[in-house]
A.B. asks: 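Okay, handing you the structure first.
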2 protein chains.
Amino acid sequence: MNFRSGCPIASALDIVGDKWSLVIIRSMVMGATSYSDFLKTPEKIATNILAERLRRLELAGLILQAQARRGSIRGTYALTPKGAGLIPALQALGQWGEQNIPGRWKCPDRFNAARPEDFPR
Amino acid sequence: MNFRSGCPIASALDIVGDKWSLVIIRSMVMGATSYSDFLKTPEKIATNILAERLRRLELAGLILQAQARRGSIRGTYALTPKGAGLIPALQALGQWGEQNIPGRWKCPDRFNAARPEDFPR
DNA sequence: ACTTTTAACTTGCATTTTGCAAGAACAAAA
DNA sequence: TTTTGTTCTTGCAAAATGCAAGTTAAAAGT
């Protein structure tokens with residue numbers, strides 16, 4: 001990874017500062033685990049972008065592919081503690097969106113109650 | 001603005017979910033007010049991107065151009081309360097970056113102490 | 001076992017966004 | 001009035017994104 005600077009904020013954005021990464025992680029906090037879960041999402045991510053982002057997030061250590069059933073290459077995705085560490089930032093963004101953009105949905109309680117500790121290992 | 005969905009998080013990212021917007025706002029929290037202040041930043045933003053982002057952030061109501069000296073079209077930029085509302089999200093991202101990306105700088109105390117209320121009007 | 005269906009991707013190509021280099025408009029200073 | 005520095009604009013190449021279509025592997029049905 002090559003970072004624009006040593007700033008922790010700019011560097012965080014070098015990793016998840018695109019249009020989709022945090023949307024994917026949001027979905028995982030809400031319980032999504034499979035490729036098709038992510039596609040069901042109302043934001044309608046394109047399949048090539050989704051596949052590329054899952055690869056990138058895994059490489060960055062934010063998510064990992066758990067072997068679902070033996071013999072299967074493809075599995076289900078789970079947040080790592082590192083990925084779950086972004087939950088507070090997501091919640092802050094959600095708060096901001098609710099309060100500053102008209103007509104947004106409310107973040108479900110399950111989302112606001114989520115804590116990084118809920119995603120160990 | 002057309003949003004991908006009604007989700008407050010996805011919508012927030014439709015506004016500031018690019019590589020530069022939050023870096024610019026970070027700089028403003030740290031005291032940057034002029035075009036040249038933003039260029040001095042270690043991330044080395046390109047001038048065309050900077051100008052476009054300032055226009056866009058102003059249009060979105062996150063920043064505004066205060067008439068610096070009379071007769072001057074160009075002024076200095078300031079965070080609106082709406083823009084300053086992103087401070088908690090930035091701080092959470094900063095925390096995450098410090099804890100999860102090796103070799104990052106520490107966010108200065110001035111940054112962590114900043115509160116949206118510090119930017120009224 | 002074998003066909004069908006669904007899930008998990010890949011590929012190709014058009015569109016949009018980003019990045020760099022150069023230069024123009026304006027204000028302040030000399 | 002020339003110079004200097006700041007604030008933007010323009011043109012073009014490169015990268016990221018979006019859409020449509022196709023491919024591969026696993027699961028489900030017969």
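Side chains included, hydrogens not; waters and symmetry mates left out as well; all remaining heavy atoms used. Quick caveat, the model's predicted, so the values are computed rather than measured.
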A.B. asks: Counting only distance, no hydrogens or angles, is the base of D:dC8 paired donor-acceptor with the side chain of B:Asn48 under 3.5 Å?
C.D. replies: no
A.B. asks: Between B:Arg56 and B:Leu54 (side chain of the first, backbone of the second, donor and acceptor by atom type, cut-off under 3.5 Å), is there such a pair?
C.D. replies: no
A.B. asks: What pair of heavy atoms forms the shortest contact from A:Trp105 to A:Glu98, and how long is it?
C.D. replies: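 Residues A:Trp105 and A:Glu98, closest heavy atoms: O-CG, 3.7 Å.
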A.B. asks: Just how far, in rounded Å, is P of C:dG19 from CG of B:Leu50?
C.D. replies: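 That distance rounds to 12 Å.
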A.B. asks: For the pair made of CG in A:Leu54 and P in C:dA8, what is the distance, rounded to whole Å?
C.D. replies: 10 Å
A.B. asks: Just the rounded figure in Å: distance from P of D:dA16 to CD1 of A:Ile45.
C.D. replies: 15 Å
A.B. asks: Output the rounded distance in Å from CG (A:Leu39) to P (C:dT10).
C.D. replies: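 My rounded result for the distance is 13 Å.
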A.B. asks: Calculate, to the nearest 0.5 Å, the distance between atoms OG1 and CG belonging to A:Thr76 and A:Asp37 respectively.
C.D. replies: 9.0 Å
A.B. asks: For A:Asp37 and for A:Arg4, find the nucleotide of DNA chain C with the closest heavy atom, then tell me which residue's nucleotide is more 5'.
C.D. replies: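 Per heavy-atom nearest nucleotide, the more 5' residue is A:Asp37.
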A.B. asks: Counting heavy atoms from C-beta on, name the nucleotide in D:dG18, D:dT17, D:dT9 closest to the side chain of B:Tyr35.
C.D. replies: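 Given the options D:dG18, D:dT17, D:dT9, the side chain of B:Tyr35 is closest to D:dT9.
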A.B. asks: Please name the pair of heavy atoms, one in A:Leu79 and one in A:Met28, separated by the smallest distance, quoted to 0.1 Å.
C.D. replies: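 Reported closest heavy-atom pair: N-CE, 3.7 Å.
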A.B. asks: Which of these nucleotides, C:dG19, D:dT17, D:dG18, is closest to any side-chain atom of B:Trp20?
C.D. replies: C:dG19
A.B. asks: Between atom CG in B:Asp18 and atom P in D:dA15, what is the gap in whole Å?
C.D. replies: 19 Å
A.B. asks: Using whole Å, report how far CD1 of A:Ile49 lies from P of C:dT11.
C.D. replies: 15 Å
A.B. asks: Record whether the side chain of B:Thr47 comes under 3.5 Å of the base of D:dT9 through a donor-acceptor pair of N or O atoms.
C.D. replies: yes
A.B. asks: Just jot down the salt bridge (Lys or Arg N to Asp or Glu O under 4.0 Å) partners of A:Arg55, sequence neighbours excluded, or say none.
C.D. replies: none
A.B. asks: OP1, OP2 of C:dT18 versus side-chain N and O of B:Arg53: anything below 4.0 Å?
C.D. replies: yes
A.B. asks: Decide yes or no, distance alone: a donor-acceptor N/O pair under 3.5 angstrom between the base of C:dT6 and the side-chain of A:Ser36.
C.D. replies: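 There is none.
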A.B. asks: Whole angstroms only, please: what is the CZ-C1' distance between A:Phe38 and C:dA8?
C.D. replies: 12 Å
A.B. asks: Using only side-chain N and O atoms of B:Tyr77, determine if any of them is under 4.0 Å from OP1 or OP2 of D:dT6.
C.D. replies: no
A.B. asks: With DNA chain D as reference, determine whether B:Ser34 or A:Glu52 sits nearer its 5' end, using the nearest nucleotide of each.
C.D. replies: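 Counting from the 5' end, the first nearest nucleotide belongs to B:Ser34.
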A.B. asks: Counting side-chain heavy atoms from CB outward, which of D:dC8, C:dC9, C:dT17 is closest to A:Gln65?
C.D. replies: C:dC9
A.B. asks: Atom CG of B:Asp14 and atom C1' of D:dG18: how far apart are they, to the nearest Å?
C.D. replies: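 It works out to 14 Å between those atoms.
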A.B. asks: Using a cut-off of strictly less than 4.0 Å, decide whether A:Lys19 has a side-chain nitrogen or oxygen near OP1 or OP2 of C:dT17.
C.D. replies: no
